[in-house]
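Please read these numbers as outputs of a predicted model, since none were measured by experiment.
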Amino acid sequence: MSRRMRLWVLATGGLGVAALFVAAYLRLPRFGGASHPYGERAVAAALSRHTANVISSVNFDLRAFDTLGEESILFAAVLGTVVLLRQTRDEREVAPAPERVAPAVRRYALIMLPVALLTGLYVVAHGQLSPGGGFQGGVVVATALHLLYIGADYRALERIRPVGIYEVGDAAGEGAYLVIGVAAMVQGSAFLANTLLPYGTFNTLASGGTVPLLNAAVGMEVASAVVVLLAHFLDQAVEIEDSGTAQGKDGS
């Protein structure tokens with residue numbers, strides 16, 4: 001295909017997308033008006049399924065299939081990073097030298113690590129009740145672990161971050177989301193339909209049907225994925241060296 005033909009295809013596609021956006025814009029409710037059809041339906045659906053946090057109801061119930069796509073994007077990105085940053089034949093692993101950490105930084109990091117970790121777990125566990133959820137809480141949990149790298153050294157981080165276990169956690173979180181969706185189909189409903197469990201008592205941890213389960217699966221996947229992602233980038237920055245560069249440093 002010639003360059004001109006590619007430009008024509010791009011322009012045709014762009015015009016089609018623009019036409020769809022204009023058509024959707026013309027059908028939107030008037031700005032500042034009293035009619036909010038989507039919001040009203042979302043709130044009604046969340047209340048009917050005993051999910052106090054409407055955003056979580058949208059993410060893990062009304063559009064749970066879209067959330068699976070978002071989760072899978074992160075899963076695929078981490079998988080691609082692992083493949084691209086794997087150690088090659090012309091690279092070798094060099095133990096990093098310990099770095100001096102200021103006492104104030106060390107104290108702050110070691111005090112904040114358990115606080116940040118518990119905060120992240122709380123955000124994941126209460127995702128169906130209050131702002132937050134698996135995506136936000138998972139990132140907090142993963143970054144909390146890396147306070148040990150700031151407050152101590154890379155070796156200390158490696159001891160609490162066995163990458164193989166977190167790779168399993170990444171895959172398990174992705175798989176658990178799919179299993180919950182398939183379980184709804186086995187029960188006789190649609191994929192990822194919120195019909196698998198009772199809706200429970202409103203505004204409690206066990207409320208919302210499958211929303212807490214999907215939220216927890218996303219929390220596990222996101223936390224593990226971010227840990228694996230950072231682990232491979234840190235390995236490249238701290239431990240992995242090109243053999244030619246390493247030999248030059250050794251004077252060989």
Do the side chains of Val218 and Asn59 get nearer than 4.5 Å, heavy atoms only? no
Minimum heavy-atom distance between Arg63 and Val58, given as atom pair plus value: CG-O, 2.6 Å
Heavy-atom neighbours of Arg106 CZ exceed 12 at 6.0 Å: yes
For the student: nearest non-hydrogen atoms of Ser56 and Val211, plus distance: O-CG1, 4.1 Å
When hydrophobic residues are tied together by side-chain contacts of less than 4.5 Å, even through go-betweens, does Tyr122 share a cluster with Val124? no
Hydrophobic cluster membership, Val115 vs Leu148, 4.5 Å side-chain cutoff: yes
Closest non-hydrogen contact found for Ala193 with Ser189 is CB-OG, 3.2 Å
Distance col, row Asn215:CG vs Phe60:CZ, nearest 0.5 angstrom, shows 4.5 Å
Would you give me the side-chain donor-acceptor pairs under 3.5 Å for residues 168-184, sequence neighbours excluded?
unit_1, atom_1, unit_2, atom_2, d
Glu174, OE2, Ser72, OG, 2.7
Tyr177, OH, Ala64, O, 2.8

Any side-chain heavy-atom pair from His146 and Leu230 closer than 4.5 angstrom? yes
Nearest heavy-atom contact between Asn203 and Ala52 is OD1-CB, 3.7 Å
Side chain proximity check, Glu70 to Phe135, heavy atoms < 4.5 angstrom: yes
Spatial distance of atom CG (Leu129) from atom OG1 (Thr51) [nearest 0.5 Å]: 9.0 Å
Under 4.5 Å between side-chain heavy atoms, counting indirect links through other Ile/Leu/Val/Met/Phe/Trp/Tyr residues: same cluster for Leu20 and Leu15 or not? no
So do Leu121 and Val141 actually touch side chain to side chain, heavy atoms under 4.5 Å? yes
Locate the shortest heavy-atom distance separating Ala231 from Val163; write the atom from each residue and the value. CB-CG2, 3.7 Å
For Ala144 versus Ala116, what's the shortest heavy-atom pair and its separation? CB-CB, 3.6 Å
Kindly list each side-chain donor-acceptor pair under 3.5 angstrom involving residues 73-85, sequence neighbours excluded, with atom names and distances?
unit_1, atom_1, unit_2, atom_2, d
Thr81, OG1, Ala77, O, 2.9

Gln187 side chain to Thr195 backbone, donor-acceptor under 3.5 Å: yes
Give a yes or no on whether Tyr108 and Leu118 share a hydrophobic cluster (residues Ile, Leu, Val, Met, Phe, Trp, Tyr; joining criterion: side-chain heavy atoms under 4.5 Å apart). no
Spacing of Thr12 atom OG1 and Leu7 atom CG [to the nearest 0.5 Å]: 10.5 Å
Distance from Thr119 atom OG1 to Gln136 atom CD, nearest 0.5 Å? 14.0 Å
If you measure from CG on Leu157 to CG on Leu234, what distance do you get to the nearest 0.5 Å? 7.0 Å
Hydrophobic cluster membership, Val22 vs Tyr25, 4.5 Å side-chain cutoff: yes
Flag yes if more than 12 heavy atoms outside Phe191 fall under 6.0 Å of its CZ atom; otherwise flag no. yes
Quick one: does any side-chain atom of Ser224 pair with a main-chain N or O of Glu221 as donor and acceptor, under 3.5 Å? no
So does Ser207 get a backbone contact from the side chain of His50, meaning a donor-acceptor N/O pair under 3.5 Å? no
The reported gap from CD1 in Ile150 to CG in Leu113 (rounded to nearest 0.5 angstrom) is 9.5 Å
Do the non-hydrogen side-chain atoms of Phe233 and Leu229 ever get within less than 4.5 Å of each other? yes
Is the backbone N or O of Leu213 less than 3.5 Å from a side-chain atom of Thr210, with the two atoms forming a donor-acceptor pair by type? no
Do Gln128 side-chain atoms and Asn53 backbone N/O form a donor-acceptor pair below 3.5 Å? no
Would you mind reporting whether Leu214 and Glu71 have side-chain heavy atoms less than 4.5 Å apart? no
4.5 Å side-chain heavy-atom contact, Leu145 and Tyr166: yes
